[in-house]
Amino acid sequence: MSKSNKKDTELKRLRAVDRAIADLRRGLSVIVRGEGEASLVLATEMAFDVELEDLAAKSGETPVLALTAHRANVLHIPPTGDDVVRLVIEDWMDAPLMRALADAVHDLDQPFRGPFTRLKEGLPPSISAAIKLVKLGRLLPSVLASAIPIEKAGSLAESADLSAVDIADILAFEETAALQLRKVAAARVPLQAAENTTFYAFRPKDGGIEHLAIVVGEPNRRAAVLARLHSECFTGDLLGSLKCDCGEQLRGALKALAEEGGGVLLYLAQEGRGIGLINKLRAYKLQEQGFDTIDANERLGFDADERVFQPAAEMLKQLGFRKIRLMTNNPEKVEGLERHGIEIAERVSHTFPSNTHNELYLATKKKRSGHYL
Ligand SMILES: Nc1nc2c(ncn2[C@@H]2O[C@H](COP(=O)(O)OP(=O)(O)OP(=O)(O)O)[C@@H](O)[C@H]2O)c(=O)[nH]1
Ligand SMILES: [Zn+2]
């Protein structure tokens with residue numbers, strides 16, 4: 001395949017995933033196609049009567065409800081050995097119950113009816129990929145899925161005006177988007193903490209999720225450059241939430257970079273460790289109920305940390321920073337960057353005093369996530 005054809009194909013694939021995400025977020029069903037099998041899927045949190053009727057009408061089948069193994073465990077559904085667990089939809093299960101199965105916020109005030117019947121054999125890869133797809137859309141990781149014959153997927157997509165996306169494209173999405181990142185804007189923005197500062201905006205070629213690199217001063221690219229990877233935190237960065245240490249870490253990093261005379265801060269669109277702001281607020285609600293930051297993520301069905309570090313590595317490389325001194329307490333950031341070709345010459349501790357609201361959060365990161373603190 002020629003270089004330009006390959007690029008066209010990659011863009012088409014990114015676009016197919018992006019379109020499917022947009023539709024799922026609107027409560028529309030989409031087709032996920034695998035090798036010889038396909039599913040029509042709907043995000044469970046968007047399942048109301050109308051959407052469920054539409055799903056059944058289009059597929060001609062009763063769907064199954066798919067959850068992650070984390071979420072199934074919380075619902076006391078025994079494991080199946082797969083990452084995704086499917087439940088049979090029974091007559092007594094209505095739309096509010098289905099949504100409540102996906103959303104842990106009501107676990108304590110609405111004890112679930114049951115027993116549930118789970119399907120133990122033959123998990124279709126299209127359902128696992130659909131869970132990945134709703135996660136990419138920052139929705140709760142649960143779908144309603146009906147099997148459709150693969151040979152009918154194309155005609156159904158056309159006749160019902162549905163998005164159709166291949167499993168392989170969903171699985172490759174984050175990596176492809178990261179490798180397609182390019183600088184689309186650069187401007188000097190003097191900051192209180194660092195007057196000589198330039199912002200670079202990176203955007204994948206398909207117009208997907210944008211990230212920022214903030215270069216302070218004049219970093220010496222021949223030496224290991226002081227660097228910080230900061231995941232977006234609307235509550236902490238902008239509003240000074242006391243539940244986390246993000247605001248202090250952000251401002252502290254800029255100050256340290258200025259004192260050093262040069263360095264780089266990546267501001268990554270990975271709100272809530274990659275689960276998105278709405279899901280982070282759901283996790284905070286669970287934290288009000290007494291669960292810690294990791295259990296809250298897992299009760300919602302997510303992993304403790306859903307971030308990938310390829311976009312960060314790609315931005316560093318494009319800016320000419322191949323060797324860095326990384327300000328972090330998180331061993332996964334060090335490993336994640338190294339895996340993608342960035343040399344970490346040194347890990348620089350990046351700790352700030354706790355307050356009464358974030359004490360437990362910081363202690364949990366140390367105790368359960370292996371953070372150096
Ligand atoms: N899901 C979830 N995300 C949170 C919570 N508290 C903070 N965050 C998010 O966690 C991210 C903070 O990440 P970082 O500042 O990179 O922190 P870190 O992974 O602890 O690593 P270092 O600060 O580098 O040591 C931001 O995206 C926050 O929105 C929480 O309780 N739940
Ligand atoms: Zn935060």
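In what follows, residues are counted from 1 in the order of the sequence shown. Numbering of ligands and ligand atoms starts at 1, following listing order.
Applying the side-chain hydrogen bond (donor to acceptor under 3.5 Å, both in side chains) test to pairs two or more places apart or on separate chains, those with a residue in residues 255-265 are K255-E259, E260-R325.
Of all the atoms in ligand 1, the ones that sit under 4.0 Å from a non-hydrogen atom of C233 are 26 (C), 28 (C), 29 (O). Set against the non-hydrogen atoms of E232, the atoms of ligand 1 under 4.0 Å away are 26 (C), 27 (O), 28 (C), 29 (O). Listed by number with element, the atoms of ligand 1 under 4.0 Å from a non-hydrogen atom of Q270 are 27 (O). Near K365, the atoms of ligand 1 lying under 4.0 angstrom from a non-hydrogen atom of the residue are 17 (O), 18 (P), 20 (O). Atoms of ligand 1 lying under 4.0 Å from any heavy atom of N329, numbered from 1 in the order shown and given with element: 22 (P), 24 (O), 25 (O). Of all the atoms in ligand 1, the ones that sit under 4.0 Å from a non-hydrogen atom of N330 are 18 (P), 19 (O), 21 (O), 25 (O). Counting atoms of ligand 1 from 1 in the listed order, those under 4.0 Å from a heavy atom of Q249 are 15 (O), 23 (O). Using a 4.0 Å cut-off to heavy atoms of T293, the atoms of ligand 1 that qualify are 30 (C), 31 (O), 32 (N).
The closest approach between Y361 and ligand 1 falls below 4.0 Å for a heavy atom of the residue. Taking a 4.0 Å cut-off on heavy atoms, Y372 fails to register as neighbouring ligand 1. In this structure, R228 counts as a contact residue of ligand 1, since one of its heavy atoms falls inside 4.0 Å of the ligand. Within the 4.0 Å heavy-atom cutoff, H350 does not count among the residues contacting ligand 1. Heavy atoms of K243 come nearer than 4.0 angstrom to ligand 1 in no pair at all.
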Checklist entry - Can you check salt bridge (Lys or Arg N to Asp or Glu O under 4.0 Å) on K285 and D103, steps first, answer last? => result CA-CA 11 Å; K285 182 71 198 168; D103 187 350; over 6 Å; no

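Heavy atoms of F302 found under 4.0 angstrom from ligand 1: none, in either backbone or side chain. The residue R347 has no part lying near ligand 1, judged by heavy-atom distances below 4.0 Å.
At distances below 3.5 Å, at least one donor-acceptor pair connects side-chain atoms of R71 with backbone N or O atoms of R299. Between the K317 side chain and the H340 main chain, a donor and an acceptor come within less than 3.5 Å of each other.
For the pair D23 and R19, the salt-bridge criterion is not met [side-chain N within less than 4.0 Å of a carboxylate O]. Of the charged side-chain nitrogens involved, none lies within less than 4.0 Å of a carboxylate oxygen, so that E51 and R99 do not count as a salt-bridged pair. Of the charged side-chain nitrogens involved, none lies within less than 4.0 Å of a carboxylate oxygen, so that K243 and E288 do not count as a salt-bridged pair. Taking a cutoff of 4.0 Å between a charged side-chain nitrogen and a carboxylate oxygen, D169 and K12 do not qualify as a salt bridge.
Among the atoms of I275, none of the N or O lies under 3.5 angstrom from an N or O of ligand 1. Of the N or O atoms in H230, none lie within a sub-3.5 Å distance of an N or O in ligand 1.
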All N/O donor-acceptor pairs, side-chain side in residues 88-96, below 3.5 Å, sequence neighbours left out:
| unit_1 | atom_1 | unit_2 | atom_2 | d |
| --- | --- | --- | --- | --- |
| E90 | OE2 | T117 | OG1 | 2.9 |
| D94 | OD1 | L97 | N | 3.1 |

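Here the closest heavy-atom approach between residue D54 and residue S29 is recorded as OD2-OG, 3.9 Å.
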